A.B. asks: 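Structure in C-alpha cells, see below.
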Amino acid sequence: MTTPATTPLDLPDRYDAAATEPTIYQQWLDAGLFSAHAERSRRVGGDRDPFTIVIPPPNVTAVLHMGHGLDDSAQDLLIRWRRMAGDEALWVPGTDHAGIATQNVVERLLATEGKTRFDVGRAAFVTRTEEFVRETGGVILEQLKAIGASCDWDRTAYTLSPELSRAVREAFVRLHEAGLVYRGHRVIHWCPRCLTSLSDEEAEFEDTAGRLYHISYPVADDPTRTVTVATTRPETMLGDVAVAVHPDDERYRDLVGRQVRLPIADVLIPVIADAYTDPAFGTGVVKITPAHDANDFEVGKRHGLAMPVILDATGHMAEGAEAVGRVPAELLGMERMAAREWIVRRLEAEGRLGKVEPHQHAVRHCYRCATVVEPRLSDQWFVRMEPLARPALQGLRDGALRILPERHEAVYVHWLENIRDWNISRQLWWGHRIPVWYCDGCGGTPIVSRTDVTACPDCQGPVRQDEDVLDTWFSSWLWPISTLGWPDKDAPDLEAFYPTDVLVSGPDILFFWIARMVMAGYFFVGEAPFHTVYLHGIVRDTQHRKMSKSLGNGIDPLDVVRLYGADALRYTVIAGMGLGVDVMLDPDDLEKSFATGRNFATKLWNIGRFLLGNVGAEPVRPLAEIPAAALTRADRWILDRLDVAIAECDAALGPARPAGGRWTEAERYVGLRLNDYAESARRFVWNELADWYVESTKARLQGGADAEDREVARAVSVHVFDGALRLLHPMMPFITEALWQKLPGRAAGEFLCVARWPERRREVPAGGGEFERVRAVVSAVRQVRSDYNLAPGRTIDVRVVPAAGARDVLEGEAALIGRLARCELTVASDAGPEAAAHVLLAGGDEVVVPLAGLVDLEKECQRLRTELAQLEKQLGALTARLGNESFVARAPAAVVEAERQKAVEWEARRAQLHEKVTALCGA
RNA sequence: GGGCGAAUAGCUCAGUUGGUUAGAGCGCCUGCCUUACACGCAGGAUGCCGGGGGUUCGAGUCCCUCUUCGCCCACCA
C-alpha cells in the first residue's frame with residue numbers, strides 16, 4: 001500500500017461510518033441544531049417559515065424495523081432539506097402507548113408467570129405495564145438517532161403523558177358537548193382473545209376458505225315441509241330468532257308469518273319478510289341471529305325480535321339473556337369452533353344437514369392478534385363521524401390538503417363519504433380511561449367531565465368511573481394538535497407550528513390515523529393539520545412479501561447501520577423510493593441490498609479524500625472574485641452542471657408548501673419525488689464531478705505549473721464539492737457533514753446541518769458548451785482503444801479534424817484530452833491517407849486514430865457503412881415527416897422547427913459520413 | 001361484488017401535458033490493481049414498452065378489449 005494511512009487532513013482511506021456517525025450526531029445535539037424556536041416562526045412575528053412534521057408515533061415498546069427506516073429516512077430528508085432552506089424546521093418525535101398491543105405484551109409476560117391480568121387486578125396491572133414501558137419503552141427513539149433522525153428531542157411526546165391525556169379528555173368532552181359522542185347498544189366487532197371490542201378498521205377482512213352449511217328447519221304447522229337456510233356459522237343457530245325471506249320471493253310467500261322449529265334448541269321462530277335477504281344467494285332463506293351478526297341485528301331491530309346471546313365474551317357457548325333453555329348442557333362452555341363441529345354432527349344425526357359446500361368468504365380478524373372476530377351485542381361509546389367527515393372532504397376538494405400519490409385521494413374520499421360511526425371504547429385496562437362517571441345512588445345521567453369526579457353532583461353519593469378505556473387511535477388522531485400544546489389555546493407551539501406541513505406514512509393507516517387527524521384538526525382547531533400527505537410504499541422482500549416478524553424476513557436497520565452506515569441505509573431506501581412504490585430488499589443478502597448506498601458513500605468519501613488532500617487547508621478565493629476569463633472550459637462546465645443539479649433537486653423535492661395557502665392545479669401533484677432527487681444528486685457527484693471534473697483537474701491541482709490557475713481550480717473544486725455536499729446532506733447527513741467540516745476555510749462550530757441549501761448561480765443556457773466537445777473526443781478515443789484492445793498504459797497518437805469553428809477549443813484542450821484518453825492529440829486539417837480508425841462525432845469533429853498494423857480497413861468501412869445506412873434510414877423518415885403536410889400544419893411550431901433543425905444537422909452528418917466512406921472505402 | 005393500480009432490459013424501477021435513435025441502478029460480458037476510490041475505472045451486450053383493436057401527421061404515453069398480478073373497500077348469510 002503506497003497510500004499513506006492518513007492524509008494531512010486526517011481522512012482515513014476507508015470511511016468508518018461506525019466511528020464517525022455517533023460523534024457527528026452528538027455534535028449536532030450539543031449545538032442544539034434540532035431544536036426549533038417557536039418565536040422565529042413567521043406566524044408569531046418571526047422571519048422564518050415554519051416547517052413541521054410530526055412523526056407517526058411508533059408503539060412505545062416497538063423496536064426499529066425497516067419500515068421505520070424508510071418512513072423516518074424520508075421525514076428526516078424533508079426536515080433537513082427545509083432546515084437548510086432557511087425554514088424553522090420542527091420534527092416532533094414521540095411514541096404511542098398502543099393500547100391493545102402493549103397490553104398484549106404485558107399479558108404474555110404475566111402468562112410466563114402463569115398469571116392472567118385478572119389475577120393481578122386492574123390497578124396492579126396498569127402499574128406493571130407502566131413499569132414495563134418505563135424500563136423497555138422508548139428504545140426506538142434511541143434507535144432513531146442511529147439513523148440520523150434530526151428530531152427535536154426536547155419535544156418528545158407520549159400519548160399517555162399527563163399533557164396528552166388532558167388533550168384526550170378535552171376532546172372527548174368537547175365531542176360529547178357537541179352531541180357527537182354517544183352510548184350505543186348494538187352488535188360490534190369483538191375479539192374473544194383480547195376481550196375487547198374493535199372498530200370497523202381494526203377488524204380486518206381476510207379471505208378465508210370456509211363452508212356453507214345447508215340446514216333444514218321444519219315448518220311448524222306442516223310436517224311435510226321444511227325451509228333450508230344456508231349459513232357459514234352453524235354454531236350461531238341456537239341464537240336464531242327468525243328466518244327471513246325476501247318479500248318478493250314467490251317461493252316462500254305463503255310461509256311468511258308462519259313458524260318454523262329451530263333444531264336442537266327446539267324453539268319456534270317466525271318466518272319474516274325482509275328486503276335484506278338476497279333471493280339469489282344460497283336458498284334465499286337466511287337465519288336471523290341478532291345478537292351475533294351485525295346485519296341480523298338490524299333486521300331484529302326492524303322486526304322487534306328478541307336477541308338471545310349464546311356465546312360468552314371468550315367465544316364459548318353460553319346461555320345469555322333471553323337464551324335460557326336454548327343451549328344443550330353438553331355444549332355449554334364449549335369453544336365456538338368445537339361447538340360448530342358438535343352442532344354439525346348433531347344436525348347430521350337428526351337428518352337436518354343438507355349439502356355442505358366449500359365457500360370462500362371474507363372473515364374479519366383482530367388486527368392485533370389475528371383471532372377471528374366475533375360479532376357481539378354490547379354497549380359501547382361511539383363518535384358520530386359524518387359531521388366530522390364533511391370538512392375533511394371539503395379540505396381535500398378545496399386544495400387545503402393534498403395526498404400523494406394522487407390515487408389515494410380517491411380512497412380517502414370514498415372512505416369519508418361512506419363513513420360509519422366510530423366505536424371508541426375498549427374493554428382494556430391499558431389506555432385513557434373514559435371520562436364518564438355513573439352514580440348508582442340516584443341513577444342520573446352519566447357525568448362526562450374534564451376532571452375526575454369523586455361524588456355525584458346531584459346526590460353527593462359515590463360514583464364509579466366507566467370501566468372502559470379509549471381506542472388508542474382516539475389519542476393518535478389528536479397527535480398534531482396535542483403534541484403542540486392543544487388544548488391550551490395560546491400554546492406557543494400551536495401558534496407557531498400548526499398547521500404542520502407534511503405527514504409521511506405508509507398507506508396502511510390512512511383511515512386509522514391520517515383521515516381521523518384531518519377530522520380532528522378541523523373540528524378542534526378549525527384547520528387541517530397538514531397540507532400534504534405523502535404516502536410511501538412498503539418494504540418487501542425479494543418475493544414481494546411484506547417484511548414481518550412472523551415471516552422472519554425482516555431486516556434490522558441497526559445491522560445495516562453497523563455494517564454499512566446510516567447514510568448507506570438512507571441513500572439505498574430513498575433512491576429506491578419511487579412515489580408510492582414499494583421498496584424491495586433482500587433480507588438474506590444485505591450486501592447486495594445496500595451496495596447502492598454503501599458504494600456511493602465510499603465514492604463520495606474518496607472524492608473528498610482526493611479533493612481535500614490536493615486542495616489543502618488554505619482558504620480559497622470566493623468564486624465571485626475570479627474573473628470569468630480565468631475559468632477553464634471544465635470549470636465553466638462543472639459550474640453549469642452544478643446549477644443543473646440544483647435545479648433538478650429543487651424540482652424533484654418540489655414546493656415545500658402551497659404558495660397561496662391552497663394547492664393549485666398546477667402544483668398540486670408536484671414534488672416529493674425523492675428518488676428523482678437522489679438520482680440527480682448522484683449523477684452530478686459521480687458521473688460529472690468525479691468522472692470528469694476531478695479527472696480533468698488533477699494536473700491543475702497537483703502540478704503547480706501555474707500558481708494562478710491552481711487557485712482557480714482550488715476555488716472551483718471547493719465550490720462544487722461544497723455544493724454537492726449540501727445537495728446530498730438531507731439524504732446522507734453524516735458523511736456529508738464529516739467532509740464538509742474539513743473544507744478549507746471552515747470555522748470551528750460551523751455545521752453543514754444548518755448551512756444554506758444551494759442556489760443556482762445563473763440560468764443554465766441550453767446546449768452543452770465547449771467542454772462537451774472535449775468529452776465527446778475523449779469518449780471517442782477511449783472507444784477506439786477498447787475496440788482495438790489497446791493496453792491502458794500505451795499512449796497513442798490521435799488526430800482530430802475539428803468541425804468549423806471548433807479548432808480553438810480542441811487546440812486549447814489538446815493536453816487535457818491527451819491526459820484523459822492517454823493519447824498525443826494533434827489538431828489536423830484533414831484526416832490523412834493512411835489506415836486509421838475514424839469516429840465522426842455528432843458535433844462534426846472527426847477523430848482519427850492511425851494504428852499501423854492494427855486497424856482493419858475492412859472493419860472500419862463496415863462500421864462506417866452501417867452507421868451511414870442507419871442514419872440515412874432515419875433521415876428518410878424525418879424527411880418524410882417534414883414533407884407531410886398534416887404534420888407541418890398540425891404539430892406545434894416548436895416541434896416542427898426542432899425537426900427541421902435536426903434534419904439540417906443529420907444531413908450535414910450524412911454528407912460527412914458519405915464523404916468519409918467514399919474516401920476511405922471507395923464507392 | 002365495487003373501486004383503484006400495475007404490466008418497459010435478467011432483477012427493481014424512471015419515462016412529466018402524445019413529439020429526436022426508450023433510460024438508471026443492480027446483475028451480466030471484455031479489458032484494466034491508471035499514485036481518490038477494485039465498494040473502483042474504461043468499454044460493451046440485452047427491450048415486438050403484456051396480447052389485440054382503435055384515435056392521431058405521430059402512441060411506451062390517449063381510448064376500448066383481453067390476459068396476468070397487486071392493493072383498497074364491501075352487510076350475500
Side-chain angles (χ1 to χ4, degrees), chain A residues 2-3 7 11 13-15 205 212 229-233 236 244 276-278 280-283 285-289 293-299 359 361-362 405 407-408 410-411 414-415 418 507-508 510-511 538 542 544 564 568 572 575-576 578 580-585 591-593 595-596 598-614 651 669-670 673 675-676 679 682-683 690-691 694-695 698 702 779 782-787 789-793 821-822 870-871 873-874 877-878 880-881 884-892 894-896 898-899 902 906:
Chain A
T2 53
T3 320
T7 68
L11 292 178
D13 50 355
R14 178 77 41 115
Y15 174 59
F205 280 114
L212 193 57
V229 300
T231 180
T232 55
R233 305 193 53 210
T236 65
Y276 155 68
T277 308
D278 175 3
F281 186 89
T283 58
V285 185
V286 57
K287 59 195 261 322
I288 301 299
T289 323
D293 183 282
N295 300 305
D296 293 5
F297 172 77
E298 295 300 324
V299 175
H359 183 64
H361 60 150
R407 67 189 129 90
H408 287 293
V411 179
H414 180 259
W415 187 74
N418 298 281
D508 48 330
L510 180 59
F511 307 142
I538 306 290
T542 48
H544 300 190
Y564 313 115
T572 301
V581 176
D582 293 343
V583 177
M584 308 296 169
L585 296 168
E591 163 84 20
K592 187 182 166 194
S593 292
T596 324
R598 183 206 49 185
N599 294 356
F600 185 46
T602 304
K603 186 71 186 181
L604 192 61
W605 184 253
N606 282 307
I607 296 169
R609 276 210 307 146
F610 174 80
L611 277 186
L612 297 174
N614 285 283
Y669 302 112
V670 169
R673 266 61 177 182
N675 58 328
D676 286 352
E679 173 54 23
R682 187 208 65 81
R683 195 213 55 234
D691 288 350
V694 169
E695 289 302 330
K698 277 181 174 170
Q702 294 173 327
S779 292
R782 284 174 176 168
Q783 194 185 317
V784 171
R785 298 186 68 103
S786 182
D787 286 352
N789 258 323
L790 300 178
R822 288 251 167 153
Q870 205 180 341
L871 183 62
K873 194 176 146 196
Q874 282 156 3
L878 184 58
R881 200 178 317 154
N884 183 324
E885 284 173 31
S886 300
F887 169 71
V888 176
R890 302 173 105 157
V895 172
V896 177
E899 297 282 75
K902 191 166 66 183
W906 286 10

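Worth saying up front: this structure is predicted, and the values here are computed from it rather than measured. The chains referred to below are lettered A, B, ... by the order of the sequence lines, with proteins before strands, and numbering in each begins at 1.
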A.B. asks: Can you give me the closest heavy-atom contact between A:Ala230 and A:Thr283, atom names plus distance?
C.D. replies: N-OG1, 4.1 Å
A.B. asks: Measure from CD on A:Glu679 to P on B:rG25 and round the result to the nearest Å.
C.D. replies: 7 Å
A.B. asks: Roughly how far apart are A:Arg682 CZ and A:Phe600 CZ, rounded to 0.5 Å?
C.D. replies: 7.0 Å
A.B. asks: Please report the distance separating the C1' of B:rC75 from the corresponding atom of B:rC71, rounded so that it comes out in whole Å.
C.D. replies: 22 Å
A.B. asks: List for me each residue that meets ring pair (Phe, Tyr, Trp, His ring centres under 6.0 Å) alongside A:Tyr15, sequence neighbours excluded, and say none if there are none.
C.D. replies: A:Trp605
A.B. asks: Where the side chain of A:Pro892 is concerned, which of B:rC76, B:rU20, B:rG19 is the nearest nucleotide?
C.D. replies: B:rG19
A.B. asks: Quantified in whole Å, what is the P atom distance between nucleotide B:rC62 and nucleotide B:rA6?
C.D. replies: 9 Å
A.B. asks: With sugar-phosphate meaning primed atoms plus P, OP1 and OP2, does A:Val411 contact a base, only sugar-phosphate, or nothing at under 4.0 Å between heavy atoms?
C.D. replies: sugar-phosphate
A.B. asks: How close or far is atom C1' of B:rC73 from atom NE2 of A:His414, stated in whole angstroms?
C.D. replies: 6 Å
A.B. asks: B:rC76, B:rA77, B:rG31: which one has an atom nearest the side-chain heavy atoms of A:His359?
C.D. replies: B:rA77
A.B. asks: What heavy-atom pair brings A:Arg785 and A:Ala791 nearest, and what distance separates the two atoms?
C.D. replies: NH2-O, 2.9 Å
A.B. asks: Reading RNA chain B 5' to 3', what string of ( ), [ ], | and . shows its pairs, if Watson-Crick and G-U wobble pairs count only when both distances fall under 3.5 Å?
C.D. replies: (((((((..((((.....[...)))).(((((.......))))).....(((((..]....))))))))))))....
A.B. asks: Give the minimum heavy-atom separation between A:Ala690 and A:Ile607, together with the two atoms involved.
C.D. replies: CB-CD1, 3.6 Å
A.B. asks: May I ask you to test the A:Asp293-A:Thr236 pair for a side-chain heavy-atom distance under 4.5 Å?
C.D. replies: no
A.B. asks: Could you tell me whether A:Trp906 contacts a base, only the sugar-phosphate backbone, or nothing, with contacts defined as non-hydrogen atoms closer than 4.0 Å?
C.D. replies: base
A.B. asks: Taking all non-hydrogen atoms of both residues into account, name the closest pair between A:Leu871 and A:Trp906 and its distance.
C.D. replies: CD2-O, 3.9 Å
A.B. asks: Starting at atom CZ of A:Arg785, determine the distance to atom P of B:rG43, rounded to an integer number of angstrom.
C.D. replies: 12 Å
A.B. asks: Please state the P separation for the pair B:rC69 and B:rC26 - nearest whole angstrom.
C.D. replies: 32 Å
A.B. asks: Please measure how far the C1' atom in B:rU8 lies from the corresponding atom in B:rA22, and state the result in whole Å.
C.D. replies: 8 Å
A.B. asks: Quick check: do A:Val581 and A:Pro405 have side-chain heavy atoms less than 4.5 Å from each other?
C.D. replies: no
A.B. asks: Looking for any heavy atom pair under 4.0 Å, which part of the strands does A:Phe511 touch: base, sugar-phosphate only, or nothing?
C.D. replies: sugar-phosphate
A.B. asks: With P as the reference atom in both, quote the distance from B:rG54 to B:rA45 in angstrom, rounded to an integer.
C.D. replies: 35 Å
A.B. asks: About how many Å separate OG1 of A:Thr289 and CG of A:Asn295, when rounded to the nearest 0.5 Å?
C.D. replies: 11.0 Å
A.B. asks: Nearest nucleotide by nearest heavy atom, which residue falls closer to the 5' end of RNA chain B, A:Leu871 or A:Gly576?
C.D. replies: A:Gly576
A.B. asks: Counting heavy atoms from C-beta on, name the nucleotide in B:rA74, B:rA77, B:rU12 closest to the side chain of A:His544.
C.D. replies: B:rU12
A.B. asks: Students often get this wrong, so: under 4.0 angstrom with heavy atoms, is A:Val694 touching a base, only sugar-phosphate, or nothing?
C.D. replies: base
A.B. asks: I want to confirm an ordering. Mapping A:Asn789 and A:Gly282 to their closest nucleotides on RNA chain B, which one lands closer to the 5' end?
C.D. replies: A:Asn789
A.B. asks: Between P on B:rA74 and CG on A:Asn418, what's the gap in Å once rounded to a whole number?
C.D. replies: 8 Å
A.B. asks: Which nucleotide in the set B:rC37, B:rU21, B:rC72 lies at the smallest distance from any side-chain heavy atom of A:Arg609?
C.D. replies: B:rC37
A.B. asks: Under 4.0 angstrom, heavy atoms only, what part of the nucleic acid is A:Tyr276 near: base, sugar-phosphate, or nothing?
C.D. replies: base
A.B. asks: By the 4.0 Å heavy-atom rule, please label A:Ala294 as base, sugar-phosphate, or nothing.
C.D. replies: nothing
A.B. asks: Work out how far the C1' atom of B:rG15 is from that of B:rA59, and round it to whole angstrom.
C.D. replies: 14 Å
A.B. asks: Any side-chain donor-acceptor pair under 3.5 Å between A:Arg609 and A:Asn606?
C.D. replies: yes
A.B. asks: Of all the choices, B:rU34, B:rC76, B:rU21, which nucleotide is nearest to the side chain of A:Arg822 once you look at every atom?
C.D. replies: B:rU34
A.B. asks: A:Leu604 CG to B:rA36 P: how many Å, rounded?
C.D. replies: 17 Å
A.B. asks: Could you tell me how far apart A:Asn295 (CG) and B:rA77 (P) are, to the nearest whole angstrom?
C.D. replies: 9 Å
A.B. asks: Can you check the A:Arg407 CZ to B:rC4 P distance for me, whole Å?
C.D. replies: 13 Å
A.B. asks: Can you tell which of B:rC26, B:rA14, B:rA24 lies closest to the side chain of A:Val581?
C.D. replies: B:rA14
A.B. asks: Taking atom P in both B:rU17 and B:rU35, compute the distance separating them and give it to the nearest angstrom.
C.D. replies: 48 Å
A.B. asks: Locate the shortest heavy-atom distance separating A:His359 from A:Phe281; write the atom from each residue and the value.
C.D. replies: CE1-CZ, 3.9 Å
A.B. asks: Considering only the C1' atoms, how many Å lie between B:rC28 and B:rG10, rounded to the nearest integer?
C.D. replies: 8 Å
A.B. asks: Pairs under 3.5 angstrom, nitrogen or oxygen only, protein versus nucleotides 38-42 of chain B, please.
C.D. replies:
unit_1 : atom_1 : unit_2   : atom_2 : d
B:rC39 : O4'    : A:Arg598 : NH2    : 3.2
B:rC39 : O4'    : A:Asn599 : OD1    : 3.1
B:rC39 : O2     : A:Arg598 : NE     : 3.4
B:rC39 : O2     : A:Thr602 : OG1    : 2.3
B:rC39 : N4     : A:Arg14  : NH1    : 2.3
B:rG40 : OP1    : A:Asn599 : ND2    : 3.4
B:rG40 : O3'    : A:Lys603 : NZ     : 3.3
B:rC41 : OP1    : A:Lys603 : NZ     : 2.8
B:rC41 : OP1    : A:Trp686 : NE1    : 2.6

A.B. asks: Do you know the tightest heavy-atom contact between A:Glu899 and A:Phe887?
C.D. replies: CG-CZ, 3.8 Å
A.B. asks: Rounding to an integer number of Å, can you tell me how far A:Ile538 CD1 sits from B:rG5 C1'?
C.D. replies: 15 Å
A.B. asks: May I ask you to say what A:Ala791 touches in the nucleic acid, namely base, sugar-phosphate or nothing, with a heavy-atom cut-off under 4.0 Å?
C.D. replies: nothing
